[in-house]
Amino acid sequence: MLREQRSLINLDAFPCLLLVTDLESNRIKSCNQYVETMLCTKHNEVLDKSISDFLSKATLILFESYIRPLILDSGECIEVQITLIKGLNEKLPAVANIILKDGCLHWSIFSATERDKLYQELIDSRDRLEQKTEELIVLTRLDPLTQLLNRRAANEDINDMLSKSRRKFIPLAFILIDIDHFKALNDKFGHAQGDDALKQVSDVLGQSCRDTDVVCRWGGEEFLIVLYDSNANNTVQFCDRLHKNMQNITVYQTNITISIGVSHLTSRDIKKKNMFEQIMKRADTALYEAKNKGRNRTEYSIN
Ligand SMILES: Nc1nc2c(ncn2[C@@H]2O[C@H](COP(=O)(O)OP(=O)(O)OP(=O)(O)O)[C@@H](O)[C@H]2O)c(=O)[nH]1
């Protein structure tokens, strides 16, 4: 019965490469016909060649340094990743099971091209997902009209800045900016022109700051800049520059001006629990004063 069943086994019918190599010389002593499919080499041209002729350089190193010692030690090496060389130097990823029997290595080798393709597709789609997630995170942090940080993202960044400043004091300047008579501009020229003015102002603000500063649309026609490591003198110069740069923005020959309220983080603020609110309150009061004193000016909060 067993003999009958054995006689049904046709090694050439298996969809994998079956090889027998000499343990010492690496010569291929026998192989099935699948060698023609897998290595594009005639069956009789393979016999007596060295298996190393069909392995990539990296696989050959792996074979000598890992696979062979493992087989000598345990008699087998199962599911090892190898690269075969097929035809004119074409690489073919494969998986091999190898056992030692009667002084010969018995190999069964399966093509792994489809599996590798699937892995690659999985890796590619994971990379694409990661990239999309990063893009989405960036998008959720931006104000769609001005492309400046939105209020929520600015809150996060400013809280980070304040936490750092708590550990080691860094002077921060909070600059609250409001476009003057913006309602009149909207009413006179329309909402689209108002939007355009908001974008132009945002560009000027963005270009005036460093990467370490926070620039955001705080709401409506109000913006907040937090200058990192800026003392009183630097802040005055910065605000003067902002007023000057605004002179380049016009909407139908109408100049845009801004009012600014400034407050500084002090070492006294650091100890307070609600320091952000306190600093913003001072900046807001200063801005209110700037509006009251005629607009197009900066007022500084006395801490
Ligand atoms: N076009 C446009 N207008 C906006 C936007 N957000 C807020 N506004 C308008 O901005 C105007 C702000 O008006 P107010 O708060 O009265 O202040 P103002 O006219 O700038 O006057 P002052 O601040 O006192 O100089 C309102 O008319 C809002 O509708 C926006 O995204 N686009």
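Predicted model, so just to flag it, every value in this text is computed and none were measured. Remember, it's 1-based here, ligands and their atoms both numbered in the order they're listed.
- For an aromatic pair to be called close, the ring centres must be under 6.0 Å apart, and Trp107 with Phe63 satisfies this.
- Of the candidates Glu135, Glu134, Arg128, Glu135 is the only one forming a side chain to side chain donor-acceptor pair (under 3.5 Å) with Gln131.
- When all heavy atoms of Asp48 and Arg27 are compared, the pair lying nearest together is O-NH1, 2.9 Å.
- Ordered by chain and residue number, the residues placing a heavy atom less than 4.0 Å from ligand 1 are Asp178, Ile179, Asp180, His181, Phe182, Lys183, Asn186, His191, Gly194, Asp195, Leu198, Arg217, Gly220, Glu221, Lys291, Arg295.
- The heavy-atom pair separating Leu47 from Ser30 by the smallest distance is CD2-CA, 3.7 Å.
- One N or O on the side chain of Thr254 and one on the backbone of Val251 form a donor-acceptor pair closer than 3.5 Å.
- No donor-acceptor pair closer than 3.5 Å links the side chain of Asn32 to the backbone N or O of Leu17.
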